Amino acid sequence: MKLFRLLLLSLFFFSSMGQLPSQDILALLEFKKGIKHDPTGYVLESWNEESIDFNGCPSSWNGIVCNGGNVAGVVLDNLGLSADVDMSLFANLTLLVKVSMANNSITGEIPDNIGDFKSLQFMDVSNNLFSSSLPPGIGKLGSLKNLSLAGNNFSGSLPDSISGLASIQSLDLSRNSFSGSLPTSLTRLNNLVHLNLSSNGFAKRIPKGFELISNLQVLDLHGNMFDGHLDGMFFLLTNASHVDLSGNMLVSSSSQKLLPGMSESIKFLNLSHNQLSGSLLNGSDLQLFASVKVLDLSYNQLSGELPGFDFAYELQVLKLSNNKFSGFIPNDLLKGDSLLLTELDLSANNLSGTISMIMSTTLHVLDLSSNALVGELPLVTGSCAVLDLSSNRFEGNLTGMVKWGNIEYLDLSQNRLTGPIPEVAPQFLRLNYLNLSHNSFTSPLPKVLTQYPKLRVLDLSSNQLDGSLLTELLMSPTLQEIHLENNLLNGAIEFSPPSTAHSNLQVIDLSHNQLDGFFPSRFDSLSGLQVLNLAGNNLSGSLPSSIADMSSLSSLDLSQNHFTGPLPNNLSESIGIFNVSYNDLSGVVPENLRRFPTSSFYPGNNRLRFPAGPPGSNDLPGRNSGKKPINTIVKAVVIVACVIALIILIMLAVFILYIRTRRRNPPGQVTNNGIRRHTQTNPSGTSRTGSGGALIVSAEDLVASKKGSTTEITSPDEKMAAVTGFSPSKHRHLSWSESGDSFPAENLARLDVRSPDRLVGELYFLDDTIKMTPEELSRAPAEVLGRSSHGTSYRATLDNGIFITVKWLREGVAKQRKEFSKEAKKFANIRHPNVVGLRGYYWGPTPHEKLILSDYISAGSLASFLYDRPGRKGPPFNLGPEAQDSS
């Protein structure tokens with residue numbers, strides 16, 4: 001109301017002066033009403049009636065450009081405005097030439113009367129919140145030269161009337177939700193220089209005829225859903241220098257050729273993330289990319305060998321990653337004699353061979369990761385600043401790094417590198433990223449790691465590094481991430497003396513090492529720390545209250561340690577991931593931690609409880625039971641009754657199976673030692689014969705073997721184990737069947753091997769004959785072959801049908817990890833016809849999870865030769881007259 005009165009007073013004042021506000025001013029004041037927030041006051045404090053010029057155009061208003069007495073431009077870019085505007089008001093600005101309101105938060109629509117903006121030449125409302133579809137009247141803007149609607153919420157298809165933009169030179173409709181097919185009328189915009197329709201939902205074929213637009217320099221259609229073949233005619237005849245058709249579903253122009261030819265005008269070509277196939281070049285196509293400076297064909301299905309590209313004299317960036325290229329890497333790409341390559345990406349292909357030297361003086365970025373490259377690391381790296389050789393098969397040590405240049409980014413992870421990390425510093429003064437994870441490096445951490453002045457990310461995880469943690473690392477002023485998990489680091493976590501330097505650490509992962517001591521109270525000095533993982537160590541003591549001061553923490557994992565005492569109160573509310581399970585904590589869970597699932601606290605922590613118990617936690621250890629004692633007694637009685645009933649059913653089933661077996665297979669003759677033998681039927685109905693079959697001893701055999709002794713009595717468990725091959729006293733967790741040689745119950749209990757539900761440790765292979773993950777080994781079906789004082793042997797069947805022998809070592813048999821690894825490698829080098837080959841070993845997170853993998857030998861058992869059991873191949877075993885005489 002107050003504004004209305006002010007407007008009336010203004011009108012009265014202007015009328016008394018003999019002049020009223022112009023139509024342009026009234027339209028701008030109405031537009032101002034839609035502005036909800038103006039953080040800088042650029043518009044709201046400037047556009048007012050008191051500053052109106054009497055010539056009809058408010059030239060003193062911010063963002064207003066006048067031409068005589070008319071408004072010619074409205075420029076409100078980058079002001080952070082929040083507004084809901086009516087663009088149709090600008091139709092009243094009869095001489096409006098420019099509207100620019102980019103990079104704000106303005107909502108609205110392109111009005112149906114957009115065709116009335118007769119004088120409009122420049123319109124940029126990019127990066128706002130405009131919506132709706134383009135009205136057909138857009139084609140009436142015959143004077144419009146530049147139109148940018150990028151980064152909004154426009155939708156629908158493009159109207160055919162868009163061909164009416166006769167003067168348009170730059171058309172940018174990218175980053176919207178337009179859909180449908182492109183109208184062929186687009187190809188009739190003869191003055192078009194720049195066309196960007198990327199990141200929309202356009203589909204079907206790209207219309208033909210863009211090569212006829214003689215002035216077209218940039219064609220960007222990436223990030224849509226175009227399909228069909230590449231238009232060979234366009235690539236032959238176009239004058240465009242920048243062509244980006246990436247992120248679509250395009251296929252090669254023919255099954256033999258990627259393209260029939262290439263115009264010399266194309267300097268930038270991006271066809272990545274499509275469905276292109278075939279070989280890159282044929283013998284007659286060596287000059288196809290001769291004039292291209294940037295070529296990106298990554299993420300396609302191209303195959304064959306790589307050409308040398310020695311004909312591409314102007315090529316500076318070459319990206320061919322994530323294809324199916326094979327063979328060797330051409331030397332010309334790495335020597336740089338005739339090339340000006342600055343960036344080369346050949347990652348995620350099937351390339352093989354060695355890389356002896358990188359001699360190029362222009363190559364700054366080289367990515368050869370995820371291939372099958374072998375041999376030692378290159379002796380020299382030329383001018384490479386970014387070098388990624390990860391996920392290959394490089395071997396040897398890092399001694400050759402002393403000749404490498406000034407590398408800033410180095411990734412050698414997931415190879416087969418060994419030995420210590422050398423104390424190399426001078427040429428790595430620019431290094432900001434170092435990843436040597438998933439190798440077999442040994443020895444303590446080198447102190448040179450604390451001398452790289454620009455190092456931000458350090459990843460040495462999953463190696464065999466030992467020794468103590470370098471105290472200077474935790475207070476480094478440049479390091480942001482430290483990944484040292486899955487090593488053999490020991491000792492306490494200590495901080496260097498306080499200094500004026502401020503630590504910028506955001507991620508610390510020291511999990512699954514052998515660290516001991518207490519939780520350092522100085523962790524709270526790392527004010528920017530977001531992720532802290534100390535799981536799987538030997539840390540002990542109580543958790544300090546200073547953890548609550550780590551206000552930026554978003555993930556905290558202290559599981560699998562020996563922490564005691566209560567949980568600290570008032571931990572940061574920013575924590576989204578929390579785990580303290582497998583400790584010895586006690587007391588009540590603080591209120592702000594009760595939002596986490598019970599798996600964050602249990603198993604372990606038997607004396608840690610919730611005040612009233614979290615939902616679904618009735619069976620959690622350490623939780624007080626609020627029910628009457630009678631309920632516990634009833635539960636116990638029901639459980640005992642169920643167990644007794646189950647035992648009776650099992651014994652009945654065993655008895656029935658035994659009777660049927662006796663009837664089906666009459667007992668054979670008694671051998672000299674007085675033990676009867678027969679072929680046991682597999683409970684699953686599968687015949688188990690042959691030299692590789694499992695040996696089953698019946699209950700009667702077990703009784704007969706113990707005759708003559710008045711002190712030995714066969715227990716029901718022993719009978720059951722003898723008949724079924726399974727001991728009820730042994731309950732295993734691993735889902736492998738235990739059909740195989742049976743043993744007395746007391747031996748089974750003595751040689752019990754506890755197995756987890758899933759293998760989560762690390763699986764090492766000593767040669768290339770077997771490849772699998774711990775998860776795949778967990779799923780492999782297996783049978784018990786036998787047991788000894790060292791553990792239990794299984795025959796595991798891999799997915800490809802190959803048998804291997806897996807021996808699960810008893811707790812205490814295996815040495816320390818480092819010694820165990822050395823012994824395993826020594827044993828793997830033994831080659832003898834009477835020695836079974838060792839193929840690998842598994843090292844789990846707990847002391848009883850140690851496995852060795854070897855070849856499976858299906859030569860039968862010694863008992864089959866001694867007692868001539870059914871299914872034995874070959875003649876009866878004869879000791880000879882000499883052995884009989886000696887006996």
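Quick caveat: nothing in here was measured; it's all calculated off a predicted structure.
Checked by atom type and distance alone, the side chain of Ser554 pairs as donor or acceptor with a backbone atom of Gln530 at under 3.5 Å. In this structure, the side chain of Thr478 engages the main chain of Leu455 through a donor-acceptor pair within 3.5 Å. A donor-acceptor pair is defined here as one N or O able to donate and one able to accept, closer than 3.5 Å; no such pair exists between the side chain of Asp459 and the backbone of Asn435.
Here the side chains of Leu469 and Leu484 are in contact, with some heavy-atom distance below 4.5 Å. Counting heavy atoms from C-beta outward, Phe519 and Leu539 have side chains that stay 4.5 Å or more apart.
Atom CD of Glu376 is surrounded by 12 or fewer heavy atoms from other residues, nucleotides or ligands within 6.0 Å.
Once rounded to the nearest 0.5 Å, the distance linking CZ of Arg522 with OG1 of Thr471 reads 9.5 Å. Between the CD1 atom of Ile547 and the CG atom of Leu558 there is a distance of 6.0 Å, given to the nearest 0.5 Å.
Relative ring orientation between Tyr409 and Tyr433 is described as parallel, the plane-to-plane angle staying below 30° on a 0-90° scale split at 30° and 60°.
Side-chain contact, Glu762 with Tyr842: no donor N or O sits under 3.5 Å from an acceptor N or O. The closest side-chain donor-acceptor pair between Ser793 and Lys807 falls under 3.5 angstrom.
Taking a cutoff of 4.0 Å between a charged side-chain nitrogen and a carboxylate oxygen, Glu408 and Arg456 do not qualify as a salt bridge.
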